Amino acid sequence: MGTLLEKIIDAHGGRRWSEVDHISATRHFGGAFWSLKSVPGIAEEGRFTVDLRREHSQLYNFGDANLHTDFTPDRVAIVHANGTVVKEFLHPRAAFDGHELMTPWTDLHLAYFTGYAMWTYNTEPQSFTLEGVVTEELGPWTEEDGQIWDRLRVTYPSSLATHTPVQVVYADSDGVLRRRDYSVDIAGGSPAVEYMTEQATFDGLVLPRHREIYVRDDAGRAVREPLLVSIDIDDVSVS
């Protein structure tokens, strides 16, 4: 019997992940979070691309059809289609010092958050194998509806930007990822739970087409109102 990590990788496309460099898709964001952070109507619709070999992502149609983001852990920028850098943060994590859940964001704050979030979500489980990432099996968990899922703790190195260094993902009996627990460190450490559904195969890779994110209570359960974030993807291309 292989490890849980091996089972998860196999369930999502196995060796195919090592043959792919980029994933692109159309995004559709919903939920209350964007208005809560005072950034509605900027990032919700458009294409995005994530790099599977390094932490790099771009979101297109970012507040304007001619603007896109360019994200890496050490820099995030908003760039015009002609290549001009409109604005940028260097060492962007520091721009969130002192932030709480209700602290308003600028478009650059949003560019950083959506940049690392979309990279984190759409490169897994390949990203679990990157240098410095450590995984540990935690045993089973029973959902409120009685489903039993296996848990894998994922610890990211400081070189990778994500919600928080230690997160827990949950896989069903087939090894398909169904849930993630984390805290949003750049928003006051707010505890969150994310559910992944509508999995489909795109050129050999298995990705969820729908995600829902809620506040997570002290018992590890989702607080179903309000829906903080929904993410839908379609028109997926693999290169």
Side-chain angles (χ1 to χ4, degrees), residues 5-30 42-62 65 67-79 81 110-133 135 152 154 156-157 159-163 167 169-172 174-180 182 194-213 229-239:
L5 176 59
E6 291 170 338
K7 184 177 182 180
I8 290 170
I9 292 172
D10 287 344
H12 290 83
R15 193 172 300 173
R16 178 65 177 136
W17 285 92
S18 65
E19 302 169 346
V20 172
D21 292 321
H22 299 91
I23 296 172
S24 298
T26 299
R27 69 186 187 276
H28 311 277
F29 295 164
I42 299 175
E44 283 90 324
E45 302 286 336
R47 296 288 293 176
F48 72 91
T49 299
V50 295
D51 191 326
L52 294 175
R53 302 290 158 239
R54 64 187 181 108
E55 190 173 14
H56 176 229
S57 66
Q58 295 173 307
L59 274 69
Y60 295 87
N61 191 36
F62 195 80
L67 298 179
H68 69 271
T69 66
D70 192 79
F71 160 83
T72 63
D74 295 327
R75 173 184 176 270
V76 64
I78 298 173
V79 183
L110 177 64
Y112 177 79
F113 172 75
T114 54
Y116 82 62
M118 294 301 280
W119 183 87
T120 298
Y121 299 156
N122 293 284
T123 62
E124 62 187 14
Q126 172 68 16
S127 59
F128 299 163
T129 68
L130 294 178
E131 183 178 357
V133 179
T135 61
L152 186 74
V154 181
Y156 297 91
S159 58
L160 295 179
T162 185
H163 293 300
Q167 302 177 37
V169 295
Y170 299 63
D172 65 18
D174 294 322
V176 176
L177 292 172
R178 299 293 182 180
R179 169 177 167 164
R180 166 189 277 101
Y182 58 89
E194 169 200 342
Y195 287 99
M196 316 164 201
T197 58
E198 300 181 24
Q199 279 77 1
T201 301
F202 304 98
D203 197 5
L205 304 183
V206 175
L207 297 169
R209 292 178 295 180
H210 182 69
R211 300 173 189 266
E212 293 184 354
I213 300 169
V229 174
S230 65
I231 303 173
D232 291 277
I233 64 171
D234 54 38
D235 298 322
V236 177
S237 64
V238 174
S239 62

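What you see is a predicted model, and the numbers here were worked out from it, not measured in a lab. As a basis for the values below, the full set of heavy atoms in this structure was taken, side chains included, without hydrogen atoms, waters or symmetry mates.
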Closest contact, heavy atoms only, Leu207 versus Asn122: CD2-O, 4.1 Å
Atom of Ala25, atom of Ile233 and distance for their closest heavy-atom approach: CB-CB, 4.2 Å
Side chain Ser230, main chain Gly30, donor-acceptor under 3.5 Å: yes
Side-chain (Thr49) to main-chain (Gln58) donor-acceptor, under 3.5 angstrom: no
Approximate separation, where rounding is to 0.5 Å, of Gln126 CD and Arg16 CZ: 11.5 Å
Short side-chain to backbone donor-acceptor contact, Gln199 and Arg178, under 3.5 Å: no
Pair Phe48 + His68: ring centers closer than 6.0 Å: no
Check: Leu52 main-chain N/O paired with Trp17 side-chain donor or acceptor under 3.5 Å: no
Full working for side-chain contact (heavy atoms from CB on, under 4.5 Å) between Thr114 and Phe71: CA-CA 9 Å; Thr114 54; Phe71 160 83; over 6 Å; no
Taking every non-hydrogen atom, the tightest pair across Thr69 and Ala111: CG2-CB, 3.6 Å
Rounded distance (nearest 0.5 Å) linking atom OG1 of Thr123 with atom CD of Glu55: 8.0 Å
Expected output: side-chain Arg27 to main-chain Arg47 donor-acceptor under 3.5 Å: yes
Straight-line distance of Ile213 CD1 to Glu194 CD, nearest 0.5 Å: 4.5 Å
Stepwise side-chain contact (heavy atoms from CB on, under 4.5 Å) test for Arg209 and Val236: CA-CA 9 Å; Arg209 292 178 295 180; Val236 177; 6.0 Å; no
Minimum heavy-atom distance Ser159-Pro73, with the two atoms named: O-CG, 3.6 Å
Exam field: side chain Ser57 to backbone Gly115, donor-acceptor pair closer than 3.5 Å: yes
Taking every non-hydrogen atom, the tightest pair across Phe62 and Ala43: CE1-CB, 3.7 Å
Main-chain N/O of Arg54 paired with Trp119 side-chain donor or acceptor, under 3.5 Å: yes
Check against side-chain contact (heavy atoms from CB on, under 4.5 Å), Val176 and His12: CA-CA 7 Å; Val176 176; His12 290 83; 4.2 Å; yes
Contacts of type side chain to side chain donor-acceptor pair (under 3.5 Å), residue Glu198, not counting sequence neighbours: none
Side-chain heavy atoms of Val169 within contact of Phe128, under 4.5 Å: yes
Separation between CG of Asp70 and CD1 of Ile78, rounded to the nearest 0.5 Å: 11.0 Å
Partner of Phe29 under side chain to side chain contact (heavy atoms under 4.5 Å, CB included), chosen from Met118, Glu45, Arg211: Met118
Worked check of side-chain contact (heavy atoms from CB on, under 4.5 Å) between Tyr116 and Tyr121: CA-CA 9 Å; Tyr116 82 62; Tyr121 299 156; over 6 Å; no
Polar side-chain atom of Asp172 near backbone of Asp174 as donor-acceptor pair, under 3.5 Å: yes
Plane angle bin for Tyr182 and His163 - parallel if under 30°, tilted between 30 and 60°, otherwise perpendicular: parallel
Residues Arg53, Asp21; criterion salt bridge (Lys or Arg N to Asp or Glu O under 4.0 Å); working and verdict: CA-CA 6 Å; Arg53 302 290 158 239; Asp21 292 321; 3.3 Å; yes
Separation of Leu59 CG from Leu67 CG (nearest 0.5 Å): 12.0 Å
Distance (rounded to the nearest 0.5 Å) between Ile8 CD1 and Thr129 OG1: 12.0 Å
